[in-house]
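Working notes, beginning with the structure itself.
Keep in mind the model is a prediction, meaning the values are calculated, not measured. Chain A is the first sequence line, chain B the second, and so forth, proteins listed ahead of strands; every chain is numbered from 1.
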There are 2 protein chains.
Amino acid sequence: MTNPASKPASKPAVPAPAPRSRSKRSGSQLTPEAIVQASLRIAARGSSDAFTVRRLGEELGADPTAVYRHFRDKDELLLEVADRTLGEVLDSIRPGLGWQDRIRALADGSLAVALKYPAVASAMASRTTRRANEFRVVELILGAVTEAGLRGAEAAVHYRMVGDSLLALVGQRAAYLLFSAEARAADESAWSREYRLVDPQAFPQITAVAEELAGVTQDAVYQARVEALITAIETSVAQHR
Amino acid sequence: MTNPASKPASKPAVPAPAPRSRSKRSGSQLTPEAIVQASLRIAARGSSDAFTVRRLGEELGADPTAVYRHFRDKDELLLEVADRTLGEVLDSIRPGLGWQDRIRALADGSLAVALKYPAVASAMASRTTRRANEFRVVELILGAVTEAGLRGAEAAVHYRMVGDSLLALVGQRAAYLLFSAEARAADESAWSREYRLVDPQAFPQITAVAEELAGVTQDAVYQARVEALITAIETSVAQHR
DNA sequence: CACTGTTGTCAACACTGTTGCGCTCGACGG
DNA sequence: CCGTCGAGCGCAACAGTGTTGACAACAGTG
């Protein structure tokens, strides 16, 4: 079952409270924590090395299938890793910010981890973990839109708008990073080239701003998308009064 | 060929003007068109049947590897299929609409094909085809933001904002559809259940709107996200004057 | 007729995630 | 101290995936 439905008891894993030192087979013992760390290390390698179970075993110096003693499947591991990084993002958000800056901080933090661990962010782009830290995100965004002035159903739908949009934004950017560096470079240069070679008759608008199109940076687009979310909230607040 | 993207001779395919009737091996001959159509048929089956090359061969009544005589790899086939459906979306947009309605029409049409062919839309969520119809989309969005009142770099970055956001939105929704129906149902009911079971002390905002959160529909979120794009453009226009 | 190039078939390769079987070793009861 | 037990790991294997190269059958051309 690789679906997003996992009600049954999730983690016996390490039942004993005692850390029980190092022991077992040869030197280093395999813990969920170690597996998560190794996963992050692999995910950080980005496009140069895909995130696969076998690669994970290699990184751990253990047999790949040993991972399945600690996680039901790869999906559950990804969920755990994603929730972990999400927790770090949340912890890094300073309290006391205005609601706009809290959303910006959430976006910036999420983007940062997405750029650092593209494989993880990409895999989570269209799902939810339903784990502890995700509820913290819900709480954070809901707090922001409430502080902005939205209530009830209006607040709920705007939370979803912001949450889904951020997830999509970050996932999209991460997935793009999973292409090889050469492929990305080729893609970008191809775009700016073809903008200029377009038939002016058929595509007058493109021709008019071909230079500017070639000069648009990913960061500028990111900024615009985040600000669009904030603007949408502000506009909705202004309308409902 | 008024399209901008075809430098390396891409498709000899059917060089002869004569349709050369039916011939070849046993009865039906395999054409790129037939392959695209079969792909669409499979993609329309959604989560019940993954879009794989072997399944495609089955659908065609031919060996799976025969596809590689007409497309370099699966990716190129997906690009072609995606561009095809995108063309239909564009053709369905009535001219003469205001710029806002043109963006809404593009979004609605894209969502419609994404819901119909989730596998295709999902695969295209974080890439671009750089094919003919994609340039038509660029032209359409650029025309809209220009009509709204944006120029130069401002128009360019807003085009990217709208384009990337729509792609992400549609891809996200499609990817969600690729989960099995049961998994999706379980996921949704789990969310609405857990919203209500959350600790009121730790998550006051969630508790306050738990009911409303459970009642938010995908369509409402979609609407909000599209309107957010339009609002962002309008706001930017108002600011730059 | 022979020749050539196109196109479908078949077997195979290099991967992927995942499972069942056995072995080893640490921990625990007596 | 010793025997038993069970958790944790390695190994081999399975069912999938996309893709390639060799082979064969046919169309059109000289």
Five pairs per end, C1' atoms only: what is the angle between the end axes of the helix from C:dC1-D:dG30 to C:dG30-D:dC1, to 10 degrees?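 Rounded value for the end-axis angle: 10°.
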Between atom [atom1] in [X] and atom [atom2] in [N], what is the gap in whole Å?
X	N	atom1	atom2	value
B:Arg72	D:dT20	CZ	C1'	15 Å
B:Gln29	D:dG28	CD	P	10 Å
B:Ile42	D:dG18	CD1	P	10 Å
A:Phe71	C:dG17	CZ	P	15 Å
A:Asp73	C:dT18	CG	P	5 Å
B:Asp63	D:dT20	CG	C1'	12 Å

Residue pair A:Arg184 / A:Ser47, side-chain heavy-atom distance below 4.5 Å: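 The answer is yes; the side chains approach within 4.5 Å.
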Does B:His70 place a side-chain N or O at less than 4.0 Å from the phosphate oxygens OP1/OP2 of C:dT6?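 The answer is no; no side-chain N or O of B:His70 sits under 4.0 Å from OP1 or OP2.
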With [X], which residues qualify under side chain to side chain donor-acceptor pair (under 3.5 Å), at least two apart?
X	result
B:Arg136	B:Asp91, B:Asn133
B:Arg104	B:Asp101, B:Glu227
B:Ser165	A:Arg225
A:Arg41	A:Glu59

Nearest-nucleotide pick for [X], side chain only, options being [options]:
X	options	result
A:Ala66	C:dT19, D:dG10, C:dT9	D:dG10
B:Arg69	D:dA22, D:dG8, C:dC10	D:dA22
B:Tyr68	D:dT19, C:dT18, C:dT9	D:dT19

Within residues 107-117 of chain A or reaching into it, pairs that qualify as side-chain hydrogen bond (donor to acceptor under 3.5 Å, both in side chains) - sequence neighbours excluded: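 Checked against side-chain hydrogen bond (donor to acceptor under 3.5 Å, both in side chains) - neighbours excluded - the pairs reaching residues 107-117 of chain A are A:Asp108-A:Tyr222.
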So if I take residues 48-58 of chain A and measure heavy-atom distances to DNA chain C, which residues fall below 4.0 Å?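 Here the set is A:Phe51, A:Thr52, A:Val53, A:Arg54.
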Taking only residues two or more places apart in sequence or in another chain, which ones pass salt bridge (Lys or Arg N to Asp or Glu O under 4.0 Å) with A:Glu33?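 A:Glu33: salt bridge (Lys or Arg N to Asp or Glu O under 4.0 Å) contacts with A:Arg84.
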Suppose we screen for salt bridge (Lys or Arg N to Asp or Glu O under 4.0 Å). Which residues come up paired with A:Arg54, at least two apart in sequence or across chains?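 For A:Arg54, no residue satisfies salt bridge (Lys or Arg N to Asp or Glu O under 4.0 Å) once neighbours in sequence are set aside.
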Distance criterion of 3.5 Å, no angle test: do you see the side chain of A:Thr65 paired donor-to-acceptor with the base of D:dC9?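 Answer is no: no donor-acceptor pair is held.
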With distance as the sole test, does B:His70 use its side chain to make a donor-acceptor pair with the main-chain N or O of B:Ile35 at under 3.5 Å?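 Looks like no, no N/O pair under 3.5 Å.
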